[in-house]
Amino acid sequence: MYVSADLIWLAVALPLAGFLINGAIALWRPAAKTAVSIVGPAVLLGAFAVVALIFASYSASNLATPRVVTLWSWLPAGALHVNLSFLVDRLSLVMLMVVTGVGSLIHLFSVGYMRSDPGYARYFAYLNLFIVFMLVLVLGSSLPVLFIGWEGVGLCSYLLIGFWYGEKANADAGKKAFLVNRIGDFGFMVAMFLIWGAVGSLDFLAIGELAPQHLVAGGAVVTAITLFLFLGCAGKSAQIPLYVWLPDAMAGPTPVSALIHAATMVTAGVYLVARTNVLFAMAPLSSTVVAGVGALTALFAATIGLRQYDIKKVLAYSTVSQLGYMFLAVGTGAYVAGVFHLVTHAFFKALLFLGAGSVIHAMHHAYHATHSHEDAQDMRNMGGLRKAMPWTFVLMAIATLAIAGIPPFAGFFSKDETLAAAFARGADIPVFRLFWLFGVIAAALTAFYMARLMAMTFFGENRTGAEEGKHLHEAPAIMTVPLVVLGILSAAGGMLNLPALFGGDAKLEHWLDPVLEGAHHFFPLEMPHGQTEYILIALAIAIAVGGLLAGWRVTMSRPILPASQAEPEVGFWKVLYHKYYVDEFYEAAIVGPLRRFSEKVLWKDVDQGIIDRGGVEGSAGLARTLGWIGTRLQTGQVGVYLTVFLVGALGIFFVVMG
């Protein structure tokens, strides 16, 4: 059955309807959880069905021509005419499948995870709205339309991260995410102005066609455009130095972490680079910066993950690190590898977050609210959970093998392709060999901290306590079934772009060729082959296996004490535990001085001193003085009035006659 791309608006309209319905329920009947449980996931499943049918139609017909679906005219302003239009092509369809598919599974999981929360309807309203904006971001046919979704997911992330706003730390985490992303958004907007000035259009198809005609490859203008664009991407996709919001974003419900930090918002920056691939291909310096920041972020975040104890914080820094791999890929010019890793990461990272959610769910039930939220997420308080939660254990083990890069699991193929591309680019630009080395070390550290996570959580003696351990249990089916689906995708997702060496035909690469052919002209890349390819693959496997074994051995070689009995960190472990004190540095160097300047100068001197005293209070005092003078003149004596009248008249006479 052929389904026209013109119906893509339905994929956005369905979750928008879910937001309106659940929002109304949250306002007027917040206890109506059954309706919310049906509407919330159903609209996402419907959106996924629409996208899947359009994707199948494109695939069956082998369509390569992009389709622009215009809904209405939005900004007709002289030469600038922006329509609210959706761009349906092979790249956007891949992203739509990930967003709606993985998003549907997370919505289903949320039904079980959030059911007892008093803000259940509000939660699903926010979740549905987040998907609406993410779909607009992916489908936007121009930079301004994409920017609507870009800002929308920022707003929804603020609402979802700070969902439990009754605790100050949660509210602060939401504000931190919102404010840090505004720094990146400044770069995005400057880039839009530069593109309009240089190319005369903000439509993606026009930019791809006109950029080679109006811009000089390697020139200052295209370099500035892409660097400002990357500033926006670094904010949204949590790269150095703007990564600090993402670990704190774990304050929100765990399914939110899975949605925002695995499959949607944090990959928006990678998607933007892939979408504007021609611009980045014309700017080799910017591409080198993108790859370098990505490689450094991958390594830096992986080292922090080595010494975190909150299970969600480990996965948060893992996300920052994996996003670094994606930027390493697209900065290298291996755009397919970047999108490929984006897709596989959505599978195994969503599985890891939701699996962690199942563990936290069980820990909360075991503790019966006698322990803090942090205690339920601390891996030092877990141990031996594979006996009580066998399904969660097996599925998280699959995800661990995938992220570590063990074949034939999904992460192996996408990560190996990224590292091979960086190595190949090093033949032309030597610094890429250093980037490749950073990626290799980060891969080893990834395997190490994931083995540590699994060992501390599922193996050894149970450390929840004798009585509490009796209440540990597997999550209900509504939470486990989505994990099973993600487990299958994490195991088999590599088939999407299986290389010829492993008997595949690189489906994703051929699928995206029409979208990326312009970039390949300016920034061609020849991947390793022959003996070099075999050596790189063998090295990748050896690193993954070695990292897992080392992580297991180091973790299990000594007794693990509950958090309340654990010794404080010392030496370099303390530095890693405190995340290199980056947040403390930002507080001392930026946030603190800005706060003091705001309080001393803007508030006390300007607001209170100038505006209040000189403006508001001064004008009020002048009005009182004039009123007092008026009262002195109103004596009620006619003689006084006549005298004033005569004096005034004489004064006017002398002025006029003089």
Side-chain angles (χ1 to χ4, degrees), residues 169 173 176 180 238-251 257 261 293-325 328 349 352-353 356 374-375 377-383 400 403-405 437-457 460 463 543-544 546-589:
K176 185 176 183 179
V180 171
Q239 297 296 284
I240 291 174
L242 302 179
Y243 71 93
V244 291
W245 68 269
L246 192 147
D248 286 8
M250 299 301 106
S257 304
H261 308 130
V293 171
L296 182 60
T297 302
L299 177 59
F300 180 79
T303 60
I304 297 176
L306 293 174
R307 211 61 183 178
Q308 300 305 303
Y309 293 102
D310 185 318
I311 190 171
K312 289 176 66 176
K313 283 288 179 72
V314 176
L315 297 179
Y317 281 103
S318 170
T319 297
V320 176
S321 182
Q322 296 301 308
L323 288 166
Y325 276 107
L328 173 60
K349 186 53 64 65
L352 286 169
F353 268 120
E374 291 76 14
D375 287 338
Q377 296 181 188
D378 196 312
M379 297 184 297
R380 291 172 294 189
N381 296 331
M382 299 176 186
T400 296
I403 192 174
L437 181 61
F438 284 177
V440 168
I441 299 172
L445 298 180
T446 300
F448 185 98
Y449 67 65
M450 286 308 303
R452 174 177 176 268
L453 181 150
M454 292 297 292
M456 293 185 72
T457 304
R463 298 179 295 278
I543 287 171
L548 288 173
L549 291 176
W552 170 269
R553 185 184 181 95
V554 170
T555 305
M556 301 301 292
S557 62
R558 64 189 67 183
I560 302 172
L561 300 176
S564 60
Q565 304 173 24
E567 295 290 333
E569 302 292 339
V570 295
F572 189 61
W573 289 133
K574 183 178 181 180
V575 175
L576 294 182
Y577 177 74
H578 288 283
K579 301 153 287 191
Y580 292 102
Y581 297 97
V582 172
D583 284 301
E584 289 81 357
F585 171 76
Y586 283 175
E587 174 66 30

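Note that the structure is predicted; figures quoted are calculated from it, not measured.
- Partners of Lys579 according to the salt bridge (Lys or Arg N to Asp or Glu O under 4.0 Å) rule, which considers only residues two or more places apart in sequence or in another chain, do not exist here.
- In this structure Tyr580 satisfies the side-chain hydrogen bond (donor to acceptor under 3.5 Å, both in side chains) test together with Thr303, sequence neighbours excluded.
- The heavy-atom pair separating Val320 from Ala238 by the smallest distance is CG1-O, 3.4 Å.
- One distance of note links OG1 of Thr297 with OH of Tyr325; it measures 12.0 Å at 0.5 Å rounding.
- Side chains of Leu246 and Val180 form no contact here, defined as non-hydrogen atoms less than 4.5 Å apart.
- Looking at every heavy atom in both residues, Ala249 comes nearest to Ser257 through O-OG, 4.4 Å.
- Here Met382 contributes atom CE and Gln377 contributes atom CD; the two are 7.5 Å apart, rounded to the nearest 0.5 Å.
- Around OH of Tyr586, the count of heavy atoms belonging to other residues, nucleotides or ligands within 6.0 Å exceeds 12.
- Residues Thr400 and Leu352 meet the side-chain proximity criterion, which asks for heavy atoms closer than 4.5 Å.
- Gly294 and Gln239 get closest at one heavy-atom pair: CA-OE1, 3.5 Å.
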Using residues 553-573 as the side-chain source, report each donor-acceptor pair under 3.5 Å to any protein atom, sequence neighbours left out, with the distance given to one decimal.
unit_1	atom_1	unit_2	atom_2	d
Thr555	OG1	Gly551	O	2.6
Ser557	OG	Arg553	O	3.3
Ser557	OG	Val554	O	2.9
Glu569	OE1	Arg307	NE	3.1
Glu569	OE2	Tyr309	OH	2.6

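- Residues forming a side-chain hydrogen bond (donor to acceptor under 3.5 Å, both in side chains) with Lys176 (at least two apart in sequence, or on another chain): Asp248, Asp583.
- Partners of Tyr243 by ring pair (Phe, Tyr, Trp, His ring centres under 6.0 Å), not counting sequence neighbours, listed by chain and number: Phe300.
- Residues meeting the salt bridge (Lys or Arg N to Asp or Glu O under 4.0 Å) test with Glu587, sequence neighbours left out: Arg595.
- Phe438 has its side chain out of reach of Leu328: every pair of non-hydrogen atoms, C-beta onward, lies at least 4.5 Å apart.
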Would you give me the side-chain donor-acceptor pairs under 3.5 Å for residues 441-456, sequence neighbours excluded?
unit_1	atom_1	unit_2	atom_2	d
Thr446	OG1	Ala442	O	2.7
Tyr449	OH	Ser318	OG	3.2
Arg452	NE	Leu306	O	3.4
Arg452	NH1	Leu306	O	3.4
Arg452	NH1	Gln308	O	2.7
Arg452	NH2	Gln308	O	3.2

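- Atom CE in Met250 sits 10.0 Å away from atom OH in Tyr317 (nearest 0.5 Å).
- Atom CG of Asn381 is separated from atom OG1 of Thr457 by 10.5 Å, given to the nearest 0.5 angstrom.
- When all heavy atoms are compared, the tightest approach of Leu315 to Lys349 is O-NZ, 3.8 Å.
- Shortest non-hydrogen contact noted between Ser321 and Ala301 is N-CB, 3.7 Å.
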